[in-house]
Amino acid sequence: MQFQLPYSGLQWSDLPYVLLGVWNTLILTLAAATFGTLIGVVIGWLRQDVPVARVVLAPYVDVTRSVPLIIQFILVNSSFALAGIPLEPLWVGVIVLSLYMGVLTSELVRAGLGAVRFQLKWASRSLGMSYWQELRYVSAPLALRTFFPGWIGTVIALTKDTALVSVVGYVELLRASQVLINRTNEALLVLAGTGLFYFAICYPISLYSRRLERTFQHD
Amino acid sequence: MFNYTFYWSIVWEKFPELLQGARITLEVTILSMIFGTALALPLSLWRRAREGVGHAFATGWVELARNTPALFQVYMVYFGLGSLHIHLPSYFAMVAALTFNNAGYLAETFRGGLNSVPPQQLSAARSLGMSAFSAYAYVVFPQVFQVVFFPYVNQLNWALLNSSLGMIIGLRELTGATQAAQSESFRTFEFFIVAACIYYVMAKAIETLAQLASWRLFGR
């Protein structure tokens, strides 16, 4: 007897499930981008201006950039499990992606602060500004212009990287679509829709960042 | 909290399997970089052409590769082509997906490199009597090479880390091999810590070699 796999076609009732995936992707991206940027700004400033911090933070920066995200998710997930505090997949994603985003952001902050000409800093210090005043009114505003386009690029990369949290069981968009594929066997159709969604988020933002970059280069 | 005994000997028993996985990781990475570079060269030239079918094709490729998750690209090659009855083994699917990704990013890198050489240099070289070939070979490309070198190494590192996606489509590269090896004992943490160390060593080796090469080639 031939065994027939019971596939059922795509239905409108699948829509809430896909929308849940979309929502989970957006929530994770938003949370990780917020925390990651906060971490990155602090760390980037420390790494630029405090020599000790550069040495202390080097292992964190190094490891985060040289180990695949999938493995980072698995390690954080299982180390919390070993410690006896099992963590929701969402929080595993937020922790790992925030730390990852923090490193990428800190590189941009460093580059931004490093691009401020030191004559300007000396000038403002010799005008009687304190270190903090100089940072607040001179360095930071100038650094922001080099920082911002790169930061947008990093957020796009983050949006794409949320797809990997599915390995610890988070149902984000790509995971939701894979579940649908398993049920309907309509891989191409479902995947095309999913890809279109990511593209619709990332492409306009990357166009905007490229335009910003050109604007900042010209003045 | 933390009344857990780490159990490492079981990892060392399986260590050869992990190394075998690391070999496949390197293979997939290097193959996808070679093919990716070969495709990125014409793509970057078409992108510079400003119009025509080539430009549209190259732009589509680059934007698709850069604005969708790498995991989506892997799914597309593995499951998407599968539903068109093109069934690739996971090894080739992984190489193909990473090639697609690398080509997209590298095309932009190369384009940036070509743009960084002022066009006057080409005109100057040509008006000194150099042929188009030698003007490119001796004036333009050496400068492009220098600009593109570190972004290229970055992409190589990305490809190395991205090859870990092979686990999800059942490829036994380092991550996949680790996943398989831990499934008998469920010592997940120990196994993946070791895998992370192997990745770290590979990434650092690439970085160090690149730095040495850069000192040798560019004196910086």
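Numbered from 1 within each chain, the chains take letters A, B, ... in sequence-line order. Owing to the predicted nature of the structure, the values given are computational and were not obtained by experimental measurement.
The interface of residues 152-164 of chain A with chain B, defined by heavy-atom distances below 4.5 Å, comprises A/Ile156, A/Lys160, A/Ala163, A/Leu164. The stretch residues 61-71 of chain B places B/Glu63, B/Leu64, B/Arg66, B/Asn67, B/Thr68, B/Pro69, B/Leu71 near chain A, each with some heavy atom under 4.5 Å from a heavy atom of that chain.
Within a 6.0 Å sphere centred on CD of A/Glu88, other residues, nucleotides and ligands contribute 12 heavy atoms or fewer. Within a 6.0 Å radius of CZ in B/Arg111, more than 12 heavy atoms belonging to other residues, nucleotides or ligands are found. More than 12 heavy atoms of other residues, nucleotides or ligands shown are found within 6.0 angstrom of CZ on A/Arg54. A 6.0 Å sphere centred on CZ of A/Arg175 holds no more than 12 heavy atoms belonging to other residues, nucleotides or ligands. For CZ of B/Phe149, the number of neighbouring non-hydrogen atoms (other residues, nucleotides, ligands) closer than 6.0 Å is greater than 12.
The contact between A/Ile74 and chain B is made entirely by side chain atoms (from C-beta outward), counting heavy-atom distances below 4.5 Å. Contacts between B/Met202 and chain A at a heavy-atom distance below 4.5 Å are absent for every atom of the residue. Of the two parts of A/Gln178, only the side chain, counted from C-beta on, holds a non-hydrogen atom closer than 4.5 Å to a non-hydrogen atom of chain B. The parts of A/Asp62 that come within reach of chain B are both its backbone and its side chain, each placing non-hydrogen atoms under 4.5 angstrom from that chain. No part of B/Ile198 comes within reach of chain A, as not one of its non-hydrogen atoms sits under 4.5 angstrom from that chain. Neither the backbone nor the side chain of B/Leu160 comes within contact range of chain A, judged by heavy atoms closer than 4.5 Å.
Note that OG of A/Ser78 is 11.5 Å distant from CZ of B/Arg187, once rounded to the nearest 0.5 Å. Interatomic distance, CZ of B/Phe72 versus CZ of A/Phe197, reported as 12.5 Å (0.5 Å rounding). Rounded to the nearest 0.5 Å, atoms CE (B/Met167) and CD1 (A/Ile71) are 8.5 Å apart. The structure places CZ of B/Phe192 at 9.0 Å from CD1 of A/Ile70, a figure rounded to the nearest 0.5 Å. Taking CG from A/Leu191 and OG from B/Ser83, the interatomic distance works out to 8.0 Å, rounded to the nearest 0.5 Å.
At a threshold of 4.5 Å between non-hydrogen side-chain atoms, the residues B/Lys204 and A/Ser66 count as touching. Counting heavy atoms from C-beta on, the side chains of A/Leu69 and B/Leu161 never come closer than 4.5 Å.
Ranked by non-hydrogen atom pairs under 4.5 Å with chain A, the options B/Tyr75, B/Phe191, B/Phe79, B/Trp158 are led by B/Tyr75. Note: B/Leu165 leads B/Leu165, B/Ile206, B/Asn157, B/Thr178 in heavy-atom pairs under 4.5 Å with chain A.
In plain terms, the two heavy atoms of A/Val167 and B/Ile168 that are nearest each other are CG1-CD1, 3.7 Å.
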